[in-house]
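Atoms within each ligand, like the ligands themselves, are counted from 1 in listed order. Remember, it's a predicted structure, so these values are computed and weren't measured experimentally.
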Amino acid sequence: MFGPMMPYICPIMLSLFDAHGGMEALGPGATVLRGFARKRDVVLLAEIEQVSAKAPFRHMVTPGGFEMSVAMTNCGAAGWVTDRAGYRYRSDDPLSGKRWPAMPVPFLTLADEAARAAGFAGFVPDACLINRYEPGTKLSLHQDKDEASYAHPIVSVSLGLSATFQFGGPKRSDPVRRVVLEHGDVVVWGGPSRLFHHGVLTLKSGEHPMTGARRFNLTLRRALQE
Ligand code: MD3
Ligand code: FE
């Protein structure tokens, strides 16, 4: 069957590699897994819909009093919020007073598999911030430092319209790299990169077949305990 001239393609290796279009190192401990979530897009978008039916997307206010252009909601035991009192995690949604919707199992599975592929085995997030971008919205350069420990990686999942992501260094003034993140791309930020500055440039107008004129980003974090 597989004679000397017959190339053999191992189906197990194939199933591993078609899960993503490749891996790129972005920085120390930061890895892009191209297309890692693409095959799960229908399920992930349905879960976003379910979460936002219970905890609607809203524009939060920064401690300085500015309304964020990106709309946000959360699922999991802890949800990231901002208002005039500051940035923090809360176990309840300030809009309803109820706990955030539970973390969907497909989010947990994806977080674990992506973190493992990037070299961080056993990642169990307790917080998922869901960001919704529309054309004209952006996220200014910042650090993620509201979590109890920085020992865990962060897993970020891009869905819908592409965006240009900015990734700097430990100082705000460090030079930034720009990376285009497309539908299905997953980035794992751990090690030294965990505290690097990052942001998303103003979303350009466009239409995505599954999300219309929108980009969604899941940011899976371990916020509460070590
Ligand atoms: C790099 N969200 O919600 S996640 C955020 O596309 C946030 O919505 C972006 O930054 C978005 O805080 C990007 C990617 C990300 C998350 C955490 C990081 C990049 C990071 C921590 C350190 C370095
Ligand atoms: Fe961030």
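For atom 12 (O) of ligand 1, the nearest protein heavy atom (residue, atom name, distance) is Arg221 NH2, 2.8 Å. Counting only heavy atoms of the protein, atom 3 (O) of ligand 1 lies nearest to Asn131 ND2, 3.0 Å. For atom 8 (O) of ligand 1, the nearest protein heavy atom (residue, atom name, distance) is Tyr133 OH, 2.5 Å. In this structure, the protein non-hydrogen atom closest to atom 6 (O) of ligand 1 is Arg215 NH1, 2.8 Å. What sits closest to atom 13 (C) of ligand 1 on the protein, heavy atoms only, is Phe165 CE1, 3.4 Å.
If you look at the Fe ion (ligand 2), the protein N, O or S atoms less than 2.8 Å from it are His142 NE2, Asp144 OD1, His198 NE2.
One N or O on the side chain of Trp100 and one on the backbone of Arg90 form a donor-acceptor pair closer than 3.5 Å. Judged by distance alone, with hydrogens and angles left aside, the side-chain atoms of Arg58 form a donor-acceptor pair with the main-chain N or O of Met72 at under 3.5 Å. Although no hydrogens or angles enter the test, the distance criterion places a donor-acceptor pair under 3.5 Å between the side chain of His198 and the main chain of Phe196.
For Glu207 and Arg214, the salt-bridge test fails: no basic side-chain N is under 4.0 Å from an acidic carboxylate O. A salt bridge links Asp185 to Arg34: one of the charged nitrogens lies within less than 4.0 Å of a carboxylate oxygen. Note on Arg40 versus Glu113: salt bridge recorded, some NZ/NE/NH1/NH2 to OD/OE distance being below 4.0 Å.
The aromatic rings of Tyr87 and Trp80 sit parallel, their planes meeting at an angle under 30°, below the 60° perpendicular limit.
The closest heavy-atom contact to atom 17 (C) of ligand 1, among the options Leu139, Leu195, Asp144, comes from Asp144.
Residues Arg215 and Ser158 have side chains that bring a donor and an acceptor to within less than 3.5 angstrom of each other.
Heavy atoms of Val70 found under 4.0 angstrom from ligand 1: none, in either backbone or side chain. At a heavy-atom cutoff of 4.0 Å, ligand 1 is contacted by no atom of Gln143, backbone or side chain. Contact annotation for Leu129 and ligand 1: only side-chain heavy atoms (C-beta onward) come within less than 4.0 Å of the ligand.
Within the structure, ligand 1 lacks His197 among the residues with a heavy atom less than 4.0 angstrom away.
Those atoms of ligand 1 that come under 4.0 Å of a heavy atom in Ser193, given as number and element, are 22 (C), 23 (C).
For the ring-ring contact (aromatic ring centres under 6.0 Å, His included) with Trp189, the lone residue among Phe120, Tyr150, Phe123, Phe165 that qualifies is Phe165.
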### Task
Could you go through the salt bridge (Lys or Arg N to Asp or Glu O under 4.0 Å) check for Arg221 and Asp144 one step at a time?
CA-CA 10 Å; Arg221 307 186 179 106; Asp144 287 20; 2.7 Å; yes
